[in-house]
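Note sheet for the following structure.
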Amino acid sequence: MALKKKPVTGMKDVMPAEMEIRDYCISVIKKTYAEFGFQSIETPCVESIENLTSKSGGDNEKLIFKILKRGEKLRLADAQSEADLVDSGLRYDLTVPLVRYYSNHENELPSPFKALQMGNVWRADRPQKGRYRQFMQCDIDIIGEPTNLAEIELILATTTTLGRLGFHGFQIRINERRILKAMARYSGFPEDRFDEVFITLDKMDKISLDGVKNELLESGFAAESVEKYTELFAQMESCADPLSFLEERLSGCIEPDVIPTLRQTVQTVEGTKQADFAMVFDPTIVRGMSYYTGTIFEIAMPELGISCGGGGRYDGMVGRFTGKDVPACGFSIGFERIILILMEQGFQVPGRSEKAAFLLGKNLPADQLTEAIRAAQNLRAEGKDVLVVRMNKNKKFQRQSLAEQGYTRFVEYTGEVEEQAGKTGKA
């Protein structure tokens, strides 16, 4: 039986043209984040199953690629449950591995620690356009900084990076988990059901405010609470300053410093940004991860109708490993969506070096072969990209194919008389 040529469902092969863009984006991302003081780290792609199923990853915990125990530890006949078979899994994000990494190396790391991590993650999700089962994530995190300086630096670093990649006119939509809780508390929802309320609220952009209202009622929440809750959102839609409105309305339901701190974050970013984007307070942003404790944010591209990244503060997560709470905040770029957008826009990597192709005849004498290789080596030493290949019978098609790959200079060695062709023809 013939082996399968196609990749596993949800995975993909990356062609050279896309790989060039990916490599370019990675270089811009790493350079920009380094300018903000972030240090690159790497963690294993496999984590202990206890860490991956610790109720920190939200719905992603349902999508884990689990790994069977190996060797003598795998006893299929004696297994009573999945726990007897599985001891690890492929990471579904980079946050859980980062927190484990920090907890293991805390005494060796600076404080605060500014980490940059790029790598593949795996989720047993339903594949669709721009969504794969294996995909690259690009995270920056600040661990050990309790103030909103962390949020400000994360937002500025991320937006500066996006600006350098050619994106403009996007939005950073920002909210606060404590504002979400205060709005639910003010409305009279039972505290142990807040997450149900937020799950419904998270659908606002798809089902509208009326849809949220109807779904909350269908879930059995008191009509008075639902009315009070949805009225808050209705009033904010026509409010010039929703933060001030909430600051007054939620007095007594929220810590007094939460909204002023969020306002300061927005104002500081707006006053110091280098990229073309807008900060937008959006009280409907929830973020699905249960580990978020404070500020949350997303990158929205209204013209494209998508979001391509997000993050927030998760102050309680390190404590689950160490028993000691450490402030932490992170921001993740949706790397695969960024690449997809650039590919669809026909993006060309800027500043390419000149690409030359040396076409060698089949029966090239040893002296001409040496001469050709020496000439190619000299150009490479000058920083040029040089491809050395044998000349095809259909030379015209070969040149056309190479030109599509970005080659602008051609040098031919036929074995008889050396012929050279430049950008427009033979020299």
Side-chain angles (χ1 to χ4, degrees), residues 3-15 18-19 22 26 42-71 73-76 79-101 117-139 141 195-196 198-200 202-203 206 286-292 296 298-299 306-312 314 317 320-321 330-341 343:
L3 298 179
K4 296 181 178 179
K5 295 186 292 183
K6 291 187 177 181
V8 173
T9 301
M11 315 290 184
K12 74 167 189 172
D13 296 324
V14 180
M15 300 300 286
E18 179 179 340
M19 201 68 220
R22 294 174 78 92
I26 289 171
E42 186 172 316
T43 59
C45 62
V46 176
E47 288 286 337
S48 297
I49 197 67
E50 294 87 353
N51 293 349
L52 296 175
T53 56
S54 61
K55 309 300 182 186
S56 296
D59 287 342
N60 289 331
E61 294 190 7
K62 303 174 184 176
L63 307 175
I64 299 170
F65 281 101
K66 297 175 180 177
I67 300 174
L68 291 175
K69 295 178 180 179
R70 281 76 53 206
K73 292 182 178 180
L74 180 60
R75 299 179 179 179
L76 295 173
Q80 300 295 315
S81 66
E82 184 181 271
D84 297 324
L85 299 173
V86 172
D87 63 357
S88 57
L90 295 176
R91 62 191 182 193
Y92 52 73
D93 72 1
L94 297 179
T95 305
V96 171
L98 168 67
V99 174
R100 180 202 54 74
Y101 173 98
Q117 189 176 187
M118 299 188 70
N120 283 322
V121 301
W122 292 264
R123 296 177 189 172
D125 207 347
R126 178 180 298 175
Q128 53 187 286
K129 183 178 180 181
R131 186 187 293 272
Y132 306 100
R133 289 177 172 174
Q134 173 183 305
F135 55 96
M136 173 86 77
Q137 278 197 337
C138 172
D139 287 16
D141 295 80
D195 282 347
E196 292 180 58
F198 301 154
I199 288 170
T200 300
D202 201 29
K203 304 174 186 176
K206 297 182 178 66
V286 173
R287 301 294 297 167
M289 298 301 191
S290 60
Y291 52 64
Y292 288 124
I296 47 178
E298 291 184 354
I299 305 167
I306 62 171
S307 63
C308 57
Y314 51 99
M317 197 168 173
R320 303 190 69 177
F321 286 84
F331 207 151
S332 178
I333 291 178
F335 185 81
E336 301 294 347
R337 286 197 170 180
I338 292 296
I339 297 300
L340 181 62
I341 293 168
M343 293 284 291

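Atom set for the values below is all heavy atoms of this structure, side chains included, hydrogens, waters and symmetry mates excluded.
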*What distance do R126 atom CZ and T9 atom OG1 have between them, rounded to the nearest 0.5 Å?*
13.0 Å
_Side-chain heavy-atom pair M136, I339 within 4.5 angstrom cut-off_ = no
_Minimum heavy-atom separation for G311 and Y292, please, with both atom names._
CA-OH, 3.5 Å
*Drop me the distance from L85's CG to L68's CG, to the nearest 0.5 angstrom.*
6.5 Å
*Taking the side chain as every heavy atom from C-beta outward, state whether L98 and T43 have any pair of such atoms under 4.5 Å apart.*
no
*Walk me through it: do V46 and I67 pass the test side-chain contact (heavy atoms from CB on, under 4.5 Å)?*
CA-CA 9 Å; V46 176; I67 300 174; 3.8 Å; yes
*Shortest non-hydrogen contact from S332 to D139?*
OG-OD1, 2.8 Å
*Output the distance between atom CD (E42) and atom CG (L94), rounded to the nearest 0.5 Å.*
10.5 Å
*Those residues that, when tested against V8, pass side-chain contact (heavy atoms from CB on, under 4.5 Å) (two or more places apart)*: M11
*Under the side-chain hydrogen bond (donor to acceptor under 3.5 Å, both in side chains) rule, collect the residues that match up with S88, sequence neighbours excluded.*
none
*Verify side-chain contact (heavy atoms from CB on, under 4.5 Å) between D195 and F198, making sure each step is shown before the conclusion.*
CA-CA 5 Å; D195 282 347; F198 301 154; 4.0 Å; yes
*asked:* Ignoring hydrogens, what is the shortest heavy-atom contact between V86 and K69? Give both atom names and the distance.
replied: O-CE, 4.0 Å
*Does a side-chain heavy-atom distance below 4.5 Å link E18 with K12?*
yes
_Exercise: identify the closest heavy-atom pair between R320 and S54_ = NH2-O, 2.6 Å
*Evaluate the side chain to side chain donor-acceptor pair (under 3.5 Å) criterion for residues R100 and S48: first the C-alpha distance (whole Å), next the side-chain angles of each, then the deciding distance (0.1 Å), finally the verdict.*
CA-CA 10 Å; R100 180 202 54 74; S48 297; over 6 Å; no
*How many angstroms lie between NZ in K66 and OG1 in T53, if you round to the nearest 0.5 Å?*
7.0 Å
*Mind running side-chain contact (heavy atoms from CB on, under 4.5 Å) on V99 and F321 for me, showing each step along the way?*
CA-CA 8 Å; V99 174; F321 286 84; 3.5 Å; yes
_Side chains of R91 and P44 in contact at under 4.5 Å (non-hydrogen atoms)_ = no
*So which of L90, L52, I64 actually passes side-chain contact (heavy atoms from CB on, under 4.5 Å) with E47?*
L52
*asked:* Using side-chain contact (heavy atoms from CB on, under 4.5 Å), reason through V96 and M317 one step at a time and then give a plain yes or no.
replied: CA-CA 9 Å; V96 171; M317 197 168 173; 3.5 Å; yes
*What closest approach, in Å, do R287 and G310 show between heavy atoms, and which atom pair accounts for it?*
NH2-C, 3.7 Å
*Would you confirm whether R133, through its side chain, and P127, through its main-chain N or O, come within 3.5 Å as a donor-acceptor pair?*
no
*asked:* Treating R22 as the side-chain partner and E336 as the backbone partner, does any N or O pair qualify as donor plus acceptor under 3.5 Å?
replied: no
_Under the rule for ring-ring contact (aromatic ring centres under 6.0 Å, His included), what residues qualify as partners of Y101, not counting sequence neighbours?_
H105
*When rounded to the nearest 0.5 angstrom, what distance separates CZ in R337 from CD1 in I306?*
5.5 Å
